[in-house]
Colleague: 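Below is one structure. I have some questions about it.
Numbering of residues begins at 1 and proceeds along the displayed sequence.
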Amino acid sequence: MPAAADATAAPTPSWTPPQKRSCDLLIIGGGINGVGIARDAVGRGLEVILCEQHDLAQHTSSASTKLIHGGLRYLEYYEFALVRKALAEREVLLRAAPHIIRPLRFVMPHDASQRPAWMIRAGLFLYDYMARRRFLPASRAVALADHVAGAPLKSGYQRGFEYSDGWVDDARLVVLNALDASELGARIMTRTKCLSARRNGNGDGHKKAETWRATLEDRQGMRYEVEARAIVNAAGPWAARFADGVDQTAETAGNKDAGPRKHSHGLRLIKGSHIVVPRLFDHPYAYIFQNPDKRIIFAIPYQDAFTLIGTTDLEYQGDPDHVVIGDDEIAYLCDMANRYFTRQISAQDVVWTYAGVRPLLDDSAQKASAVTRDYLLECNDKGAPLLNVWGGKITTYRRLAEEALAMLAHRLRVDTGSWTAAVPLPGGDLEYAGKLVQQVDFDAFLKRLHEACPWLPLPLATRYAHAYGSRAGRVLAGAARMADLGEELAPGLFAAEARYLVNVEWARSAEDILWRRTKLGLFCQPAHVARLNAWLAEQPMPPAP
């Protein structure tokens, strides 16, 4: 299964780096919505540039609960349209990326002091039948005394419910969308900030503006001027700030009386934090726990040796660049888990935490947990279009991208229809190249990979299969024994993989590699990070896009 020896070579730019560039669509933001729109747009024949001020998925899109789900709790807020849309997308994504997205069965212990059993049964019935399920099993009631998931729980929980959703490696989902967009011709510019954007007239001062002119700056301080027919503002927590900055300069060329065009919607920033502790249970099920504050938290098997617990919902007023979990949030998550598990945990058991700001559409809900997870697309097209993306969730990113392109299609004279629902993400064609299948046998794929590389330890082969899918051979290019993978830079990370991540997946730092492209940081000591940073400092970096 190893691919050709040049498979890890950096993609050769199809253009030189002049200071002035042009495109059909300039996308601001390298989170899940931005890369999803980039992939969809370039696949329809548009010239696309995407700029991200930091690494791909560095913020909200790598700080999720790692779920592809309909949102069972959203039914309480009557968000039936959102749940139906998300459930339909769950099926599409499970087939599009079976290496990084896989079915996960959840157990909800019933707490009689919380929601009544009839309400939960009714909600699960709706959850099962609001969208077509092709291969996920239906929900059911369970006796916890007879269920493997009952063993780690306190004895007071006798009955529960079981249902299906999906688990996702969220940061890799972002990278794979960006990779597909890049291979189709998009220019993905990480660590590049959009300093300004102004509508650009056609020169006579009387006709309305036709293009945008934006100034981008990369990490070396190099500035680029980009002329674009339209801009998509997918800046996540920074979307309102970007829209406000654009509005201040969005005057029609030659018309000094044209004032700023204010956007009519905004964001509500909600911080969600998670903790990771040593494994609390040995079975493959996840838990969803109801709590006295009417919120729910999840406890999910994570990276084989750990349990992921989250999330919190808190209003956030600070800088989205610097989001950290608070001691009160750690205590809250520990307390909520301790209500259910026999094994008690405290802050001393936490081995890793992460926090992110969810840029949710401001719908005036009083409680943070009640703010809608749906999205709204707002297009200002009095001149060259500016499409603002407000809100959203990782499960619905592909549908959001389709709707964004539908709004822009007429303005950009695009007549190609939607296509992403039928095409797997890079590495997702585990069974039939270029086609989606109803259900992928991941174990059969792993067996084929291991048979092709019998010298590869099974745990490492399994990780490669999950991370890279059918493209695992590109990481293993030319290798016929472990020594061919090069130096072990950190536990489980060999030079061949690190080189692939630098050359192909835009990784530039130890943090990029250890926490977003992989989760090997959970197994690292400071000396490993220092070794990886030293190795990176010696590597030739791919040319700037």
Colleague: State whether the side chain of Ser509 and the backbone N or O of Asp512 hold a donor-acceptor pair below 3.5 Å, judged by distance alone.
Modeller: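 Yes, the answer is positive, given that a donor and an acceptor are paired below the 3.5 Å cut-off.
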Colleague: Can you confirm whether Pro491 sits close enough to Leu520 that some side-chain heavy atom of one is under 4.5 Å from a side-chain heavy atom of the other?
Modeller: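 SC-SC contact between Pro491 and Leu520 ruled out.
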Colleague: Taking 4.0 angstrom as the limit, do Arg358 and Asp313 come out as a salt bridge?
Modeller: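 Yes, charged N to carboxylate O under 4.0 Å.
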Colleague: Show, in sequence, the C-alpha distance, side-chain angles and deciding distance for Asp327 and Tyr332, and conclude whether the side-chain hydrogen bond (donor to acceptor under 3.5 Å, both in side chains) test is met.
Modeller: CA-CA 9 Å; Asp327 291 342; Tyr332 171 85; over 6 Å; no
Colleague: Over 60° means perpendicular and under 30° means parallel, so tell me whether Tyr302 and Trp352 are parallel, tilted or perpendicular.
Modeller: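 Answer is parallel, since the angle falls under 30°.
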Colleague: Is the count of non-hydrogen atoms from other residues, nucleotides or ligands lying under 6.0 Å from Lys447 atom NZ greater than 12?
Modeller: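 No - once you tally the heavy atoms of other residues, nucleotides and ligands closer than 6.0 Å, there are 12 at most.
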Colleague: What is the distance from atom OG of Ser139 to atom CZ of Arg121, rounded to the nearest 0.5 Å?
Modeller: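 Nearest 0.5 Å value for the OG-CZ distance: 11.0 Å.
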Colleague: Determine, stepwise, if the pair Lys271 / Glu329 fulfils salt bridge (Lys or Arg N to Asp or Glu O under 4.0 Å).
Modeller: CA-CA 10 Å; Lys271 182 172 71 163; Glu329 293 177 279; 2.8 Å; yes
Colleague: Roughly how far apart are Lys393 NZ and Asn33 CG, rounded to 0.5 Å?
Modeller: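 So the gap between those two atoms works out to 11.5 Å.
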Colleague: If I compare all heavy atoms of Ala38 with all of Ala181, which pair ends up nearest, and what's the gap?
Modeller: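 In this case the closest contact between Ala38 and Ala181 is C-CB, 4.0 Å.
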Colleague: Under 6.0 Å from the six-membered ring centre of Phe80 and within 45° of its axis: does the NZ or CZ of Lys85 meet both?
Modeller: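 Negative - Lys85 is either too far from the ring of Phe80 or too far off its axis.
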Colleague: Run the numbers on Asp374 and Glu79 for side chain to side chain contact (heavy atoms under 4.5 Å, CB included), then give the verdict.
Modeller: CA-CA 9 Å; Asp374 210 346; Glu79 296 221 45; 4.2 Å; yes
Colleague: With no hydrogens and no angle check, do the side chains of Glu89 and Thr395 hold a donor and an acceptor under 3.5 Å apart?
Modeller: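 No donor-acceptor contact under 3.5 Å links the two side chains.
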Colleague: How many angstroms lie between atom CZ of Arg279 and atom CG of Asp282, to the nearest 0.5 angstrom?
Modeller: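 CG of Asp282 is found 4.5 Å from CZ of Arg279.
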Colleague: Taking the side chain as C-beta and beyond, is there a heavy-atom pair between Leu493 and Ile513 under 4.5 Å?
Modeller: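 In short, these two side chains touch, coming nearer than 4.5 Å.
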Colleague: Taking the six-membered ring for Trp, is the centroid-to-centroid distance between Phe523 and Phe306 below 6.0 Å?
Modeller: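 Yes: the rings meet the under 6.0 Å criterion.
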Colleague: Given Leu485 and Leu476, is the side chain to side chain contact (heavy atoms under 4.5 Å, CB included) satisfied, shown in steps?
Modeller: CA-CA 7 Å; Leu485 297 182; Leu476 300 169; 3.8 Å; yes
Colleague: Have Tyr375 and Glu403 got a donor and an acceptor in their side chains that come within less than 3.5 Å?
Modeller: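 There is such a pair (donor and acceptor under 3.5 Å, judged by atom type) between the side chains of Tyr375 and Glu403.
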Colleague: Check whether any side-chain heavy atom of Arg172 lies under 4.5 Å from a side-chain heavy atom of Arg517, and answer yes or no.
Modeller: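 Side-chain contact under 4.5 Å: yes.
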Colleague: Between CG of Leu456 and CD of Glu451, what distance do you get to the nearest 0.5 Å?
Modeller: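 Atom-to-atom, Leu456:CG and Glu451:CD are 13.0 Å apart.
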Colleague: Any side-chain heavy atom of Val174 within less than 4.5 Å of one from Tyr397?
Modeller: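 No. Closest side-chain heavy atoms not under 4.5 Å.
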Colleague: Any side-chain donor-acceptor pair under 3.5 Å between Glu162 and His147?
Modeller: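 Side chains of Glu162 and His147: pair found under 3.5 Å.
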Colleague: Checking Glu183 against Arg39 for the salt bridge (Lys or Arg N to Asp or Glu O under 4.0 Å) test, could you report, in this order, the C-alpha distance in whole Å, the side-chain angles of both residues, the deciding distance, and whether it holds?
Modeller: CA-CA 9 Å; Glu183 292 178 349; Arg39 179 191 184 222; over 6 Å; no
Colleague: So, the side chain of His466 versus the backbone of Arg463: is there a donor-acceptor pair under 3.5 Å, distance only?
Modeller: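 No; zero donor-acceptor contacts below 3.5 Å.
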Colleague: Between Asn291 and Tyr340, do the side chains contain an N or O donor and an N or O acceptor separated by less than 3.5 Å?
Modeller: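 Looking only at side-chain atoms, Tyr340 and Asn291 do not form any donor-acceptor pair under 3.5 Å.
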Colleague: Mind checking whether Leu514 and Val529 have side chains closer than 4.5 Å, heavy atoms only?
Modeller: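 Side chain of Leu514 against side chain of Val529, heavy atoms only: contact under 4.5 Å found.
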Colleague: Quick check against the 3.5 Å criterion: does Arg133 have a side-chain atom that pairs as donor or acceptor with the backbone of Asp128?
Modeller: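 A pair under 3.5 Å: yes.
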Colleague: Would you mind telling me which of Phe106, Tyr163, Phe281 makes a ring-ring contact (aromatic ring centres under 6.0 Å, His included) with Tyr287?
Modeller: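 Of Phe106, Tyr163, Phe281, ring-ring contact (aromatic ring centres under 6.0 Å, His included) with Tyr287 is met by Phe281 alone.
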Colleague: Locate the shortest heavy-atom distance separating His99 from Phe442; write the atom from each residue and the value.
Modeller: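 Looking at all heavy atoms of both residues, the shortest contact is CA-CE1, 4.2 Å.
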Colleague: Angle class for the Phe298/His69 ring planes (parallel below 30°, perpendicular above 60°, tilted otherwise)?
Modeller: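 Because their plane-to-plane angle is over 60°, the rings of Phe298 and His69 count as perpendicular.
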Colleague: Under the criterion side-chain hydrogen bond (donor to acceptor under 3.5 Å, both in side chains), I'd like the reasoning laid out for Arg398 against Thr420: C-alpha separation, chi angles, the key distance, then a yes or no.
Modeller: CA-CA 8 Å; Arg398 195 201 61 82; Thr420 56; 2.9 Å; yes
Colleague: Short question: side chain of Glu52, backbone of Gly30 - any donor-acceptor pair under 3.5 Å?
Modeller: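 Looks like yes, one N/O pair under 3.5 Å.
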Colleague: Is Arg102 positioned over the aromatic face of Trp167, cation under 6.0 angstrom from the ring centre and no more than 45 degrees off axis?
Modeller: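 So Arg102 does make the cation-pi contact.
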Colleague: Please determine whether side chain to side chain contact (heavy atoms under 4.5 Å, CB included) holds for the pair Ile120 and His110, giving the CA-CA distance in whole Å, both sets of side-chain angles, and the decisive distance to 0.1 Å.
Modeller: CA-CA 9 Å; Ile120 297 173; His110 181 236; 3.7 Å; yes
Colleague: Step by step, work out the salt bridge (Lys or Arg N to Asp or Glu O under 4.0 Å) result for Arg115 and Glu76.
Modeller: CA-CA 11 Å; Arg115 299 162 180 86; Glu76 282 192 302; 2.9 Å; yes
Colleague: About how many Å separate NE2 of His54 and NE2 of His59, when rounded to the nearest 0.5 Å?
Modeller: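 One gets 4.5 Å once the value is rounded to the nearest 0.5 Å.
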Colleague: Please report the shortest heavy-atom distance between Leu50 and Gly29, naming the atom on each side.
Modeller: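 Closest approach of Leu50 to Gly29: CD1-O, 3.5 Å.
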Colleague: Mind checking whether Tyr316 and Arg268 have side chains closer than 4.5 Å, heavy atoms only?
Modeller: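 Side-chain contact under 4.5 Å: no.
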Colleague: Any side-chain heavy atom of Leu376 within less than 4.5 Å of one from Glu378?
Modeller: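 Leu376 reaches Glu378 side chain to side chain.
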Colleague: Whether the side chain of Ser164 engages the backbone of Leu136 through a donor-acceptor N/O pair (distance < 3.5 Å, no angle test) should be reported.
Modeller: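 It does not hold such a pair.
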Colleague: Test side chain to side chain contact (heavy atoms under 4.5 Å, CB included) on Ile309 and His274 and set out the steps.
Modeller: CA-CA 6 Å; Ile309 300 171; His274 299 76; over 6 Å; no
Colleague: Donor-acceptor pair, distance only, cut-off 3.5 Å: does the side chain of Arg84 make one with the backbone of Gly70?
Modeller: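 No; zero donor-acceptor contacts below 3.5 Å.
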Colleague: Whether the side chain of Asp146 engages the backbone of Ala143 through a donor-acceptor N/O pair (distance < 3.5 Å, no angle test) should be reported.
Modeller: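 Not at all, since once roles are kept as given, no pair shorter than 3.5 Å links the two residues.
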Colleague: Compute whether any side-chain donor of one residue and acceptor of the other, for Thr190 and Asp55, lie under 3.5 angstrom apart.
Modeller: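 There is no such pair (donor and acceptor under 3.5 Å, judged by atom type) between the side chains of Thr190 and Asp55.
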Colleague: Would you say Met407 and Leu387 make side-chain contact, with heavy atoms under 4.5 Å?
Modeller: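 Of all side-chain heavy-atom pairs linking Leu387 with Met407, at least one is under 4.5 Å.
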Colleague: Any idea which heavy atoms bring Gly71 and Val83 closest together, and the distance?
Modeller: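 Minimum heavy-atom contact is O-CG2, 3.6 Å.
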Colleague: Keeping Ser61 on the side-chain end and Ile32 on the backbone end, is there a donor-acceptor pair under 3.5 Å?
Modeller: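 Answer holds: yes.
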Colleague: If you measure from OG on Ser418 to CG on Asp40, what distance do you get to the nearest 0.5 Å?
Modeller: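 Answer rounded to 0.5 Å: 7.5 Å.
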Colleague: Ignoring hydrogens and geometry, is there a side-chain-to-backbone donor-acceptor pair from Thr307 to Ala299 under 3.5 Å?
Modeller: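 No, Thr307 side chain to Ala299 backbone: no donor-acceptor pair under 3.5 Å.
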Colleague: Centre of Tyr354's six-membered ring, under 6.0 Å away, within 45 degrees of the axis: is that where NZ or CZ of Lys66 sits?
Modeller: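 Yes - Lys66 lies over the ring of Tyr354, closer than 6.0 Å to its centre and within 45° of its axis.
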Colleague: Using 30° and 60° as the class boundaries, would you call the ring planes of Phe341 and Phe289 parallel, tilted or perpendicular?
Modeller: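 It falls in the perpendicular class, over 60°.
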Colleague: Please check if the side chain of Asp170 supplies one atom and the backbone of Ser64 the other of a donor-acceptor pair under 3.5 Å.
Modeller: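 A pair under 3.5 Å: yes.
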Colleague: In this structure, are over 12 heavy atoms from other groups packed under 6.0 Å from Asp319 atom CG?
Modeller: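 More than 12 heavy atoms, drawn from other residues, nucleotides or ligands, come within 6.0 Å of this atom.
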